[in-house]
Amino acid sequence: MGGGLDLFSAAAVDSGEGAWSVSDVTKRARRIIEAGMTRVWVKGEVSGFKAYRSGHWYFSLRDAEAQVRCVMWRTDNRRLPGQPDEGTQVFVEARPTVWEERGEFRLTVKQLVPTEAGGLWQLRLEQAKAALARDGLLDVSRKRPLPDYPQRIAVVTSLDGAALRDIVSVISRRWPAVELLVIAVRVQGDGAEQELCGGLELVNRIPDLDLVIVGRGGGSREDLWTFNSERVARAVAAVNVPTISAVGHETDVALTDLVADLRAPTPSAAAEAAVPSGAEIEGSLNNVARRLARGLTTHAQLGRERLARTSDRLSAVVLAQLEQRQALLERLSGQLEALSPLKVLQRGYSVARDESGNVLKQIADFAEGSEFRLTVSDGDIEATVRETGKTGDRDAGSRRR
Amino acid sequence: MASKTPSFRDEISRLEEIVHSLESDDLDLDQALHLFEEGVSRLKTARKLLSDSELTVKRVLEEADGTLNTDDVSL
């Protein structure tokens with residue numbers, strides 16, 4: 001037993017001699033089917049859907065005349081956002097096979113896509129989107145911020161389209177300090193995909209590039225389709241500076257929009273997002289000027305305060321010294337007063353002086369019979385020396401010298 | 001292709017630095033005055049760059065040997 005044709009030749013034998021077992025025939029049928037229909041896209045309505053605990057999905061696809069059993073394994077269906085509703089029209093990419101255990105013809109579904117709104121276009125788009133999502137190219141975390149003041153901007157678009165004219169006019173009005181580099185490519189029709197990819201690869205070789213705008217003006221669904229190509233989307237994702245995608249009109253969303261760092265609804269909007277406006281810049285320059293002035297004023301103020309603090313400290317030191325001296329002065333003058341002869345006289349002492357006013361301090365100064373003046377606390381007394389005598393040995397000794 | 005000349009962006013980012021240091025207070029008055037003067041001159045340069053600049057649009061061409069060239073575009 002070998003190739004597929006054997007099955008049919010065997011069926012032509014009249015007798016039961018050499019009859020096949022059930023296993024043989026189902027196995028053979030499976031081989032023929034798997035070899036004859038390796039991979040097909042099938043469109044149909046989901047019916048009898050059942051998701052098992054194992055995660056595998058079992059359902060039928062049917063149309064008005066026929067139906068076919070389908071299985072979608074967990075490893076394939078877990079990428080889908082959810083289960084298809086009963087009766088949903090879907091496309092499935094499947095491998096036809098025979099389930100030998102039941103002798104049942106069925107499809108092993110690898111991909112399942114709803115057909116609503118757009119049929120095959122949508123199908124292709126969904127497939128491409130799924131592929132990009134699998135590679136993480138749609139992750140929000142990939143989005144890079146756009147530069148504040150771009151100087152060199154590359155535009156990948158058609159040279160004669162409205163998109164380029166719009167971009168040039170918006171940028172020259174808002175922020176003319178820019179060098180715009182155009183990479184001219186076809187954006188629709190044959191070769192457009194190839195040229196767009198080539199242009200996007202080329203931008204990676206432009207030195208000092210700040211930003212890339214890729215896009216085109218509005219057109220029919222077919223015209224815009226190149227921007228839904230998975231290849232083009234991957235080329236956008238591979239650009240090594242921030243990217244803005246601007247395809248068609250407000251409502252058109254292309255695959256490149258999902259991959260770019262920013263999606264702009266139109267080429268004009270892309271240009272507005274790409275550069276600041278002159279007015280904004282004027283505002284921020286004025287703001288800088290104000291902050292400069294305020295900064296300087298603050299420092300001048302700080303300087304003044306520091307100076308004031310310093311002079312306060314200085315006068316405090318001087319004052320403290322003055323006070324110290326004042327205290328010293330008072331102490332000294334107190335001492336001085338204590339030494340004043342009048343004070344001594346008040347305590348009962350008196351001073352003796354001769355007629356010339358010399359103070360008489362010891363016995364030897366008083367000649368017997370001589371006159372002297374004795375000053376007490378409240379006046380003078382004229383006196384005469386009658387007799388002198390020493391008061392003690394120690395005093396006498398010192399006086400004798 | 002030629003590299004970019006000193007730019008508005010350079011002026012702005014240096015200005016931001018200057019304003020930042022002026023707004024922090026560990027500077028003496030002399031340093032502050034110097035920064036202020038530099039700031040004023042850079043502000044003037046930035047304003048001039050802005051008022052004097054004109055958008056240039058060029059087309060990028062790839063030569064047979066793979067080098068990149070630019071050509072004027074008439075729109």
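Since we're looking at a predicted model, the values are computed, not measured. These values consider heavy atoms only, across backbone and side chains, with no hydrogens, waters or symmetry-generated copies. We name chains A, B, ... by the order of the sequence lines, and we start the count at 1 in each one.
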Separation between OG1 of T297(A) and CZ of F36(B), rounded to the nearest 0.5 Å: 7.5 Å
Region of Q31(B) that comes under 4.5 Å of a non-hydrogen atom in chain A: neither
Other residues, nucleotides, ligands: >12 heavy atoms within 6.0 Å of E54(B) CD: no
Interface residues of residues 271-286 of chain A facing chain B - heavy atom cut-off under 4.5 Å: I281(A), E282(A), L285(A), N286(A)
Point-to-point distance, once rounded to the nearest 0.5 Å, from CZ of R152(A) to NZ of K58(B): 8.5 Å
Euclidean distance, R42(B) CZ relative to L292(A) CG, rounded to 0.5 Å: 11.5 Å
Residue K44(B) excluded, over 12 heavy atoms near NZ under 6.0 Å: no
Minimum-distance pair of heavy atoms, taken over all atoms of T67(B) and R205(A): N-NH2, 4.4 Å
Distance, nearest 0.5 Å, that separates CG of L49(B) from CD of Q151(A): 9.0 Å
For chain B, the option from I183(A), D160(A), V155(A), L202(A) that forms the most heavy-atom pairs under 4.5 Å: L202(A)
Main-chain N/O of L33(B) paired to H299(A) side chain as donor or acceptor, under 3.5 Å: no
Pick from G295(A), P147(A), P176(A) with the largest number of heavy-atom pairs that fall under 4.5 Å of chain B: P176(A)
